[in-house]
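In what follows, every chain begins at residue 1, and chains take the letters A, B, ... in the order their sequences are listed.
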Number of protein chains: 2
Amino acid sequence: MTTLSESQDEHRHATRTDVAKLAGVSTAVVSYVVNNGPRPVAEATRERVVNAMNELGYRPNALARALKLRRAHAVGVVVPDVSNTFFGALARELSDQAFTAGYALMLGDANNDLERERAQIESLVSHQIDGLIITSLEPNSEADVRGTRTVYLDRRVQPGQTSIIVDDLGGAEKAVQHLVWHGRRRIAHIGGFATLPGADARLQGWMNACASAGLSTDGLLVRSDFTRAGGLNAGRELLARPDRPDAVFVASDVQALGLLAAAREAHVRVPEDLAVISFDGTDDAVFSDPPLTAIEQPIAALASAALAAVLTPEQPVQTRIPVTLVVRDSCGCPPMPHAD
Amino acid sequence: MTTLSESQDEHRHATRTDVAKLAGVSTAVVSYVVNNGPRPVAEATRERVVNAMNELGYRPNALARALKLRRAHAVGVVVPDVSNTFFGALARELSDQAFTAGYALMLGDANNDLERERAQIESLVSHQIDGLIITSLEPNSEADVRGTRTVYLDRRVQPGQTSIIVDDLGGAEKAVQHLVWHGRRRIAHIGGFATLPGADARLQGWMNACASAGLSTDGLLVRSDFTRAGGLNAGRELLARPDRPDAVFVASDVQALGLLAAAREAHVRVPEDLAVISFDGTDDAVFSDPPLTAIEQPIAALASAALAAVLTPEQPVQTRIPVTLVVRDSCGCPPMPHAD
DNA sequence: CTGTTAGCGCTTTCAG
DNA sequence: CTGAAAGCGCTAACAG
């Protein structure tokens, strides 16, 4: 009964013509039953076609379909580094939501490199994706997306470009204010390099809040990659400074993990000697030692806003995504049991 | 001088016909210069064509090319969950290496769900990818890949299927032997559910090594998802048992992170009261508290073996990938300073 | 209700 | 060295 095992061998897939021939109908009819329209098909005919399709193990060729319809049913996403927990979670959410909406996901990892990012965008665009979601390393560059609907995540606005703006600035301010409320006075910042998405706004928020509280920021800034190792080095440097900070606002969860390692090394207790708040609020923050108080980005909302922006005709050019402060143990608030 | 800004607006890309017209040549010639072959082109003509391409901002349509050549220059990968650090790192490596080889990457997240996995595979195959890399939730199923070159990562062999076999069994044995060497006698295992890739082999390795050392495994097994939360729950359960283990071999880094959290909660010291070794050896293991001794999978080697298997005609049907024990602090060996 | 057919943008054989 | 034309698999008029 299974001709399936046979069709495994042949390297040439069955085509619509084969099906039409076998079912004794025209190719148009096959199309109508596959797409369930746009013209009706007699029930008997439809059944013959369906049988033929099963017989041959027929699968529509999405490429040919895309070429004809000018719609690939695929969206692209490029991120600086998928192995960063935050981007990993984002990719997962996007893959899920895109799939549900009937779209495949093409992923381009920029490898934290501007030139690679450019090349990945180029590649995705040439594959005729229907939409492109970019967390760019270069907030000011105008990537050559050639008319592909594009949304920039987590970056500064550029005239005419549609973007999803996470409230990096407000979140950073909120974090620092919380540290101030805890009575901390020397509040340092481990930031991301200027090219990293959100880095500058988070830094700005730190400076604003410090200024408002009458705190100096001199000698309290170190920048690094959005990696654990980067956070470790930055943390070492900060903790080795003569006038050690009593709190740090960190620009990403992964960097905060590095800072915690540095603190352990230097026998600096968190939160007693050093209060820490990070940005992202991924699982990394939940399961660290101590668990990190963090500014949490709503990843699912981010993903769905991005997809909507790129897949739905009428959408606002700009969407603001709010963030929330989630208190755990690293800021000095009374510790809470693990949620689970 | 830039007609680029104009071509941004038009939603219909320039096509090969447009270029040919503008350059006053035939479409064949445009093809020859774009592909640098297969026929030679006079230098003067070539220049005219190149100018026309720039003028129009022409980009070849990869879909049309793929349809003609029966080669999409894209590979697909499906993983249970990209937000798992290990799969995230794998995806990054694959994106990188595939890009370098001239291929785009289509990502399908299975969401830890068998049905979703099946559907993602189906979708990728319909997009005519040149190769498919699967870490399957169902080591015994014969996914319907319809002649698409497919390689299974991290799963049991199936006759006729090509696969990259990580030495899960040997690695697990090595880990448990190390624990035995440390004098541990009640060595528990936090495993993955049977559907998770590698889970069963790692469990088997644990059982083998325990048997060889004359140790019982009764009441020392808990399974969970490959997630931090899963590891936390498993750890809580294990540590609450009357006859608490003095060591745990954990099937993944993320679960180990959960176990460490459970240990902190229960005031169980690692490694003094509880030695821990995990499987994966991602950055999660490097930056945890304490840093995790782990069986490390060589992700770059894995990725390149997978790509080779799927993109290169003559390749062995089976490749074995060795793993190594990387000693850090969680097993009870003298602690080492952070590498950097 | 069904068949014919013209393309989508590209490659490449076959003639000049 | 270059042009004309067939065709990859599919959709959707347009005709029956």
Side-chain angles (χ1 to χ4, degrees), chain A residues 10-50 52-53 56-74 125-130 146-147, chain B residues 10-49 52-53 56-74 125-130 146-148:
Chain A
E10 9 187 298
H11 274 212
R12 185 160 282 90
H13 301 192
T15 148
R16 169 218 55 175
T17 313
D18 303 332
V19 176
K21 207 164 292 176
L22 210 178
V25 299
S26 81
T27 59
V29 175
V30 179
S31 217
Y32 300 152
V33 355
V34 167
N35 303 330
N36 204 28
R39 320 260 62 207
V41 174
E43 189 47 34
T45 319
R46 143 182 231 80
E47 213 151 279
R48 285 218 313 291
V49 172
V50 170
M53 298 200 311
L56 296 172
Y58 170 74
R59 301 284 116 181
N61 180 327
L63 254 40
R65 189 164 206 274
L67 183 60
K68 181 68 186 172
L69 297 186
R70 302 159 156 291
R71 222 148 176 273
H73 281 275
V125 168
S126 81
H127 278 270
Q128 311 296 115
I129 48 171
D130 304 313
R146 312 260 155 195
Chain B
E10 7 187 299
H11 274 212
R12 186 160 281 90
H13 302 194
T15 149
R16 172 218 53 176
T17 313
D18 302 332
V19 176
K21 206 164 293 174
L22 210 179
V25 299
S26 80
T27 60
V29 174
V30 179
S31 217
Y32 300 152
V33 353
V34 167
N35 303 330
N36 205 28
R39 320 260 62 202
V41 174
E43 188 48 34
T45 319
R46 148 182 228 79
E47 215 151 277
R48 284 219 314 289
V49 172
M53 297 199 314
L56 296 172
Y58 170 74
R59 301 286 116 180
N61 180 326
L63 254 41
R65 188 164 207 273
L67 183 60
K68 182 67 186 173
L69 297 187
R70 302 157 157 290
R71 225 151 171 269
H73 281 275
V125 167
S126 81
H127 279 270
Q128 309 297 115
I129 48 173
D130 304 312
R146 310 264 157 193
T148 305

**Message:** Any N or O donor-acceptor pair under 3.5 Å from the base of dG7(D) to the side chain of K68(B)?
**Reply:** yes

**Fill in**
Between Y58(B) and R16(B), the two heavy atoms sitting closest are CE1-N, 3.5 Å

**Request:** Provide, to the nearest angstrom, the distance between the NZ atom belonging to K21(A) and the P atom belonging to dT2(C).
**Result:** 20 Å

**Item:** Distance, rounded to the nearest Å, where R71(B) contributes CZ and dC10(C) contributes C1'
**Value:** 16 Å

**Prompt:** Which sits closer to the 5' end of DNA chain D, R39(A) or R39(B), going by the nucleotide each is nearest to?
**Reply:** R39(B)

**Item:** N36(A) CG - dA12(D) P separation (whole Å)
**Value:** 13 Å

**Test side-chain contact (heavy atoms from CB on, under 4.5 Å) applied to N36(B) and R46(B), step by step** = CA-CA 10 Å; N36(B) 205 28; R46(B) 148 182 228 79; 3.9 Å; yes

**Message:** Check the phosphate of dC8(C) against T15(B), side-chain N and O only, distance under 4.0 Å to OP1 or OP2. Yes or no?
**Reply:** no

**Message:** Is there a side-chain contact between Y58(B) and the phosphate of dC10(C), meaning an N or O under 4.0 Å from OP1 or OP2?
**Reply:** yes

**Prompt:** At their closest point, which heavy atom of N61(A) faces which heavy atom of L67(B), and how far apart are they?
**Reply:** ND2-CD1, 4.2 Å

**Fill in**
Nearest heavy-atom contact between A66(A) and A72(A) is CB-CA, 3.5 Å

**Asked** Can you tell me how far P of dC10(C) sits from CG of D18(B), to the nearest Å?
**Response** 9 Å

**Fill in**
Closest to the side chain of A42(B), out of dT2(D), dT11(C), dG9(C), is dT2(D)

**Request:** Let me know the distance between CZ of R59(B) and C1' of dC8(C), rounded to the nearest Å.
**Result:** 20 Å

**Prompt:** When all nucleic acid strands are considered with a 4.0 Å heavy-atom cut-off, which category describes V41(A): base, sugar-phosphate, or nothing?
**Reply:** sugar-phosphate

**Request:** Grab the two heavy atoms, one from V29(B) and one from T45(B), that are nearest each other, plus how far apart they are.
**Result:** CG1-CG2, 4.1 Å

**Prompt:** When you check the phosphate oxygens OP1 and OP2 of dT11(D), does a side-chain N or O of R65(A) lie under 4.0 Å from one of them?
**Reply:** yes

**Message:** Can you give me the closest heavy-atom contact between V33(B) and M53(B), atom names plus distance?
**Reply:** CG2-CE, 4.5 Å

**Message:** Could you check whether the side chain of R16(B) and the base of dT11(C) have a donor-acceptor pair of N or O atoms closer than 3.5 Å, going by distance alone?
**Reply:** yes

**Request:** Indicate whether OP1 or OP2 belonging to dT11(C) is found under 4.0 Å from a side-chain N or O atom of N35(B).
**Result:** yes

**Prompt:** Whole Å only: how far is the CG atom of L56(B) from the C1' atom of dG9(C)?
**Reply:** 15 Å

**Asked** Tell me: CZ of R70(A) to P of dG9(D), nearest whole Å?
**Response** 20 Å

**Asked** Where the side chain of L67(B) is concerned, which of dC8(D), dA12(D), dC10(C) is the nearest nucleotide?
**Response** dC8(D)

**Message:** So V25(B), base contact, sugar-phosphate only, or nothing? Heavy-atom distance under 4.0 Å.
**Reply:** sugar-phosphate

**N61(B), nearest nucleotide to its side chain (from dC10(D), dC10(C), dC8(D))** = dC10(C)

**Item:** S31(B) vs dC10(C): side-chain N/O to OP1/OP2 distance below 4.0 Å
**Value:** no

**Prompt:** With respect to the phosphate group of dT2(C), does any side-chain polar atom (N or O) of T45(A) fall under 4.0 Å of OP1 or OP2?
**Reply:** yes

**Item:** Between dG3(D) (P) and Y32(B) (OH): distance, integer Å
**Value:** 10 Å

**Message:** OP1 or OP2 of dG3(D) versus the side-chain N and O atoms of T27(B): is any pair under 4.0 Å?
**Reply:** no

**Message:** Let's see if you can work this out: which of dT2(D), dC10(D), dG3(C) has an atom nearest to the side-chain heavy atoms of A28(A)?
**Reply:** dG3(C)

